[in-house]
Every structure is written in C-alpha cells, then in structure tokens.
Amino acid sequence: MKASNLLLKTLRDIPSDAENISHRLLLRAGYVQQVAAGIFSLLPIGNRSISKIRKIVREEMNLSGCAEVNMPVIQPKELWEESGRAETFFPPLANFKDRRERTLVIAPTHEETATSMIRSFVSSYRDLPITIYQIQTKFRDETRPRGGLLRVREFEMKDAYSFDVDEKGLDKSFEIMVKTYKNIFARCGLDVVIVDADSGGIGGKESKEFVLIADSGDDTILISPDESYAANLEKAEFIKTDYSEDKILDKELIETKHINTIEKLSDFCKIPKNKIAKSVIYNSDGEIIIATIRADYDVNETKLRNILGSKELRIASSQEVINAGFIPGYASPINKSNVKSVIDNSIELGSNYIAGANKEHFHLKNVNYPRDFKSEIIGDIAEAKEGFQSPNNSGELISKKGIEVGHVFKLGCIYSEVMRADFTDKNGDTKPILMGCYGIGIGRLLAAAIEANHDDNGINLPPSISPFTVNLIGINLDEEKVKNKCNIIYDLLLNNGVDVLFDDRDLPPGVKFKDSDLAGFPVRIIISKKNFEKNTIEIKSRNDSNSDYISETKLVDYINNLINI
RNA sequence: CGGGGCGUGGCGCAGCGGUAGCGCACCCGCUUUGGGAGCGGGGGGUCGCAGGUUCAAAUCCUGCCGCCCCGACCA
C-alpha cells in the first residue's frame with residue numbers, strides 16, 4: 001500500500017477535546033475521526049489495525065471450535081420483552097419505529113437473539129454442546145461515553161454464546177473460552193490479568209474479566225503479590241482481621257455531643273475504628289435499609305446490592321434517613337427492628353463496639369452482636385483495599401487500575417428458562433440449555449493496546465496489530481535512483497508477503513520519520529543516497545534508536561526475524 | 001442525571017460592542033531533502049443555532065443544541 005492512497009494525515013496539534021492518551025494518539029495519528037459523542041469512524045490505518053485484531057480473534061475462535069454467525073443489529077422489541085430486559089436494561093434500549101409503527105431496538109448485546117437462534121435448531125442433547133460467535137456492531141446509549149475508543153456508544157464486539165447440557169459441560173466450554181481469550185490477547189501483544197468479577201446486569205453466577213493494567217483504566221482490581229488471587233474491586237474478598245475480646249461488657253449510654261462522624265468519634269473516645277460499628281442507610285429499590293460494618297472497613301455497594309438482590313441501590317437522602325426514624329450521625333440497627341438490616345461479617349470479629357444510640361448526641365458503648373442487635377442478613381459487604389490480606393492467604397493485596405478488554409460469564413439457565421430454550425436429554429426429559437457468554441470489545445482492545453504501548457513519539461503497537469509492519473521511506477524521491485530503489489524494495493517486500501507501507505508522499509524526511517513513529521509502524525526501511533555508497537539497506541526498529549545496515553538479499557529474512565513471524 | 005468547562009477557517013488558539021485575526025495545515029512558484037524545511041504569492045470562516053438589546057453584536061441578555069472533563073452509572 002502506498003501512503004498517497006491512504007488518507008494519511010497526522011495532526012501536529014493535540015485536539016483539545018481529547019484528554020486520554022489513546023484518544024489523543026488515535027486522533028493525531030489519523031486512526032479515527034469522531035462523528036458524535038462516543039461514535040467514531042475508522043480511517044484507513046485505524047481500520048487496518050482493527051482488521052488485524054478481528055482476524056486474530058476469528059482465527060482463535062475458529063480454532064477452538066466456535067461457529068461464526070451474524071445476528072442483526074436491528075431487532076423487534078418483542079424479543080427483548082421475552083427475556084424481560086426490554087424494561088430493565090440500562091442504559092435504556094435505543095429504539096425507533098418502523099413505517100408500520102412497530103418498535104425496533106438497536107441491539108446492545110445479543111443474548112436474546114442467540115438464545116432464540118439456538119432454541120429453533122437445538123432440540124436434543126445430540127446437538128450440544130455448541131458455541132456460536134459473531135463480530136458485530138452494538139449500540140448502547142451510555143450515560144457518559146469517554147476516553148475516545150475506551151467507552152463508546154456504537155462499538156464492535158466479538159460476542160460468543162455457549163450452549164451445554166449440564167454444569168460440567170458449561171465449565172468446559174467456559175474454560176475453552178478462557179484459554180482462547182488468553183491466546184487472543186497474547187497474539188495482540190497484551191499482557192492481561194484474569195480477575196474474578198461481578199456479573200452485573202448480564203446475570204449469572206461466575207464471571208471473569210480480562211484486564212489490561214493501565215493507569216488510565218476505569219477498572220480497579222486487587223491482586224495478591226504472587227498474582228495467585230486477582231479480582232475486580234466490586235468482587236474482591238479479603239481476610240478480615242479479628243479484634244474480638246474475651247470479655248463482653250455491659251452496654252452503656254454515652255453523651256457524644258456533635259460527634260457525628262466516625263473520625264470524630266474515634267478521636268473523641270480515643271479508640272481505633274475497629275471498635276466502632278458504622279451504620280450506613282441506603283435506599284434499595286425504594287426500601288430503606290441499614291447496613292452495619294466495622295468502621296475500619298467501608299461498604300462495597302456492589303456486594304450489598306447482590307446480597308439484597310436489589311436493582312437500584314443508593315445512599316438514602318438525609319430526608320429519607322430522618323423519615324425512617326434515624327438521626328444522621330447517630331444511627332444504628334439497635335432497637336430498629338422495623339427497618340431491614342444488613343450486617344457485614346466483620347462485626348462478628350469484634351466486640352464491645354461503640355454504635356449510634358438512635359438518639360441525638362448519644363452513642364452506646366459496649367455494644368455486642370448478637371446480644372444487642374440482630375439482623376436477617378449477614379454476609380460480606382466490605383470493600384477490599386490495598387494492604388488487606390488476600391483471601392487465599394498469599395500476602396497483602398495490591399490495588400491497580402486497568403482496562404477491561406474481555407469478560408466471560410457463566411449464565412446458566414437464566415435466559416434459556418425464560419425464553420424456553422430446551423433440549424431433550426438421554427432419558428427423554430426436557431431440560432433448559434445451560435449458557436455462557438463471552439465478549440471482547442474490538443475497538444476498546446485497540447485503545448487499550450495503545451494505552452499500554454506508546455511513548456513520547458507516539459503509538460508503538462506490536463507488529464501483530466499495527467496498521468503496517470514495515471514503513472518504507474525514500475529520502476528525496478525526486479532523485480531517480482532513490483525512487484527506483486524504493487520501487488524495487490517495495491515490490492520485493494510485497495512479493496514476499498511483507499505487510500509494507502511505502503511512504504511515497506512528496507514530503508521532507510523529518511515529516512515522514514515523525515509520522516512513522518506517531519502511527520507506530522514497528523519497522524522502518526530507509527532508502528537514501530547516503531546508503532547507496534555502502535550498498536546496503538537501512539533498517540530501523542521502532543524500539544531501537546540505532547539503524548542496522550544489511551544487504552538487500554537478506555532483507556526479507558531480517559524483517560521476518562525482527563517481527564517474529 | 002448532578003457539578004464544571006468549551007463552541008471563532010481542516011486542527012490549535014487570539015479577539016469580548018465599531019472593517020474577523022494568528023500559527024499549523026491547504027494551493028501556486030522557486031529553493032531545499034536524515035527528525036514536523038526556507039522565501040515569495042494565494043484561497044478559505046452565515047464567529048454552534050434561534051430570539052432579544054443597540055445606530056452597530058463574534059463580543060451584551062435569554063433560550064436551545066453540541067462537545068469535553070469530574071461524579072453517578074457501566075460489557
């Protein structure tokens with residue numbers, strides 16, 4: 001390919017809209033053009049990079065025995081009413097009406113479509129297991145698109161759906177996908193961490209995220225020093241410290257005038273936070289609930305939401321707190337049996353707490369569980385933090401920022417039951433099919449790769465997903481000799497299957513060098529008068545400040561070696 | 001959806017009541033050719049949209065729209 005055919009235009013000035021590194025570089029290097037918030041066009045070189053990612057994904061998916069399909073982006077709303085997600089999906093499904101006033105939705109994901117496809121064609125255990133996948137456009141009207149390609153509204157996703165007869169089969173399909181994902185990310189040159197994750201709105205019981213560690217990521221993960229444990233913050237567990245004392249003392253009322261925060265209470269009573277029972281009041285789907293946790297920990301709202309089974313959970317407003325009969329700063333579940341109470345199990349690992357007295361300016365001392373208060377729900381609702389003990393006892397957790405590039409879920413029967421995707425087993429019994437679903441954001445993968453692979457000069461992608469692996473630059477193409485040599489080398493490389501760009505633009509060398517580094521071509525070949533004297537070809541790797549000079553006959557081998565083909 | 005910021009040639013910005021400017025990019029000519037070239041000439045903007053105030057609005061007022069950032073939310 002020649003640069004003159006590529007719409008290759010780079011920007012010197014950083015577009016003011018872009019904050020994020022990958023976003024800036026994608027714009028500056030001419031990979032993408034923004035069309036609207038969270039909606040992008042791919043320019044020629046960006047599209048080449050994306051095509052390479054798609055190709056890797058396809059090859060690995062096919063290799064693992066998945067069948068590629070293509071499901072429509074535009075779908076009847078009825079399909080979504082069947083699963084019940086027409087009303088519950090967030091952000092709300094984008095939709096429009098056709099000429100017959102029928103509502104069509106723009107698919108944000110394809111569990112329903114995949115389930116519908118499979119239930120029509122699978123009726124026996126003999127048809128299973130099967131995994132289908134597609135690389136397809138989705139649309140989610142995100143409340144806040146951000147970071148260029150990192151979080152967009154219209155996006156391309158590789159989504160796969162597995163169908164099995166039993167848990168064992170599902171586990172196997174799931175493991176195959178995990179392995180396939182590892183291969184995909186490795187071939188894209190990305191070092192990803194696999195973490196336990198919350199399954200969120202998709203549903204299901206087990207889920208893992210593939211996270212690329214990067215400071216710009218909006219995912220927080222906790223990982224043990226030897227990486228034997230890794231989980232998303234939403235899911236992360238830890239070993240809670242035991243501070244309980246042998247002697248259980250008698251409860252007493254103490255005056256704590258204007259002492260209405262944990263900090264003040266700790267100072268005022270001269271006690272560590274682990275001697276305080278902290279209560280936080282939430283609104284869970286309209287119901288006021290009180291969550292109590294030892295004050296050296298904080299509530300993890302995802303865990304709380306899961307334990308309650310609530311759809312919408314938020315901190316109660318101060319008015320709601322008062323209406324429920326609590327006094328802000330002095331609340332606790334003590335003598336409050338009318339309000340649903342959730343207790344973190346850290347409370348059991350302590351005793352003689354100070355807790356709110358549900359009376360202004362007063363706290364209770366030597367409060368003990370379950371002597372002084374009870375709860376219908378007790379479990380883990382604590383947020384893990386850096387320095388806490390890893391749940392598998394492998395040291396202190398470390399907190400890192402990352403970008404979620406893939407996510408796999410064991411869905412079980414949640415879709416197959418409501419949508420009646422059944423099969424007949426060996427005994428002739430009708431059973432729901434067990435499902436798994438598996439996603440990789442294609443565009444996000446490119447953005448993440450740039451976040452992880454760039455320097456002051458620009459993008460520095462691995463050869464496997466760079467728009468071109470080799471950039472051929474002729475210095476002063478007005479000179480016949482240079483021009484001819486360039487054409488000879490260009491043909492040589494093309495004929496040997498090298499993915500080469502010939503920068504045939506009539507521009508000074510400095511501009512071509514800068515563009516080459518900015519766009520992130522891994523290997524550069526330079527043809528110039530200077531090199532004719534030595535009768536060598538100059539070749540330079542993006543990651544090396546020095547050039548090598550080699551003979552023309554060795555060029556192809558040398559390049560292939562350089563990019564590890 | 002809450003908070004903040006910004007909309008002026010393709011990009012980055014200045015101008016903030018009185019003839020719309022600068023840098024980069026673009027076009028033409030000459031020179032130049034190893035890290036975003038030099039000189040000369042040139043083209044391009046209903047100043048986001050709609051109202052209003054004024055003799056006069058890019059500039060002041062009102063409303064709307066768009067985009068970015070933080071938060072909420074989120075495969």
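So you know, we letter chains A, B, ... as the sequences are listed, proteins then strands, and number each from 1. The model shown is predicted, which means the values in this text are computed figures rather than measured ones.
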Could you check whether the side chain of [X] and the base of [N] have a donor-acceptor pair of N or O atoms closer than 3.5 Å, going by distance alone?
X	N	result
Asn476(A)	G34(B)	no
Arg28(A)	G12(B)	no
Arg314(A)	A72(B)	no
Asp517(A)	G36(B)	no

- Within 45 degrees of the axis of the six-membered ring of Phe532(A) and under 6.0 Å from its centre: does Lys485(A) put its NZ or CZ there?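 Negative - Lys485(A) is either too far from the ring of Phe532(A) or too far off its axis.
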- Centroid-to-centroid, Tyr133(A) to Tyr161(A), below 6.0 Å? no
- Query: To the nearest angstrom, how far is Ile403(A) atom CD1 from A75(B) atom P?
  - Reply: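 The answer, rounded to whole Å, is 17 Å.
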- Message: Please report the distance, rounded to the nearest Å, between CD in Glu154(A) and P in C74(B).
- Response: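 To the nearest whole Å, that distance equals 23 Å.
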Under 4.0 angstrom, heavy atoms only, what part of the nucleic acid is [X] near: base, sugar-phosphate, or nothing?
X	result
Glu479(A)	nothing
Asp219(A)	nothing
Glu538(A)	base

Salt bridge check: are [X] and [Y] linked by an N-O gap of less than 4.0 Å?
X	Y	value
Glu111(A)	Arg85(A)	yes
Asp298(A)	Lys278(A)	yes
Asp196(A)	Lys208(A)	yes
Lys2(A)	Asp503(A)	no

- Which comes earlier along RNA chain B counting from the 5' end, the contact point of Ser16(A) or that of Gly38(A), where each point is its nearest nucleotide?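 In this pair, the answer is Ser16(A).
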- Task: Find which nucleotide of RNA chain B each of Ile440(A) and Lys514(A) is nearest to by heavy atoms, and output the residue with the more 5' nucleotide.
- Result: Lys514(A)
- Query: Of the non-hydrogen atoms in Ser466(A) and Pro522(A), which two are nearest, and what is the gap between them?
  - Reply: OG-CD, 3.3 Å
- For RNA chain B, what is the dot-bracket line, given that a base pair needs Watson-Crick (N1 to N3, plus N6-O4 or O6-N4) or G-U wobble (N1-O2 and O6-N3) geometry with both distances under 3.5 Å, and | means paired with another strand? ((((((((.[[[[.)..(..]]]].((((((.....)))))).....[[[[[..)....]]]]])))))))....
Rounded [atom1] spacing from [N] to [M] in Å:
N	M	atom1	value
A50(B)	C13(B)	C1'	27 Å
G18(B)	G36(B)	P	41 Å
G43(B)	U31(B)	C1'	23 Å

- Item | Reference residue Asp515(A); test salt bridge (Lys or Arg N to Asp or Glu O under 4.0 Å); the match among Arg505(A), Arg28(A), Arg524(A) | Arg505(A)
I'd like a list of close polar pairs between nucleotides 24-29 of chain B and the protein, N/O only, cut-off under 3.5 Å.
unit_1	atom_1	unit_2	atom_2	d
A25(B)	OP1	Arg12(A)	NH2	2.9

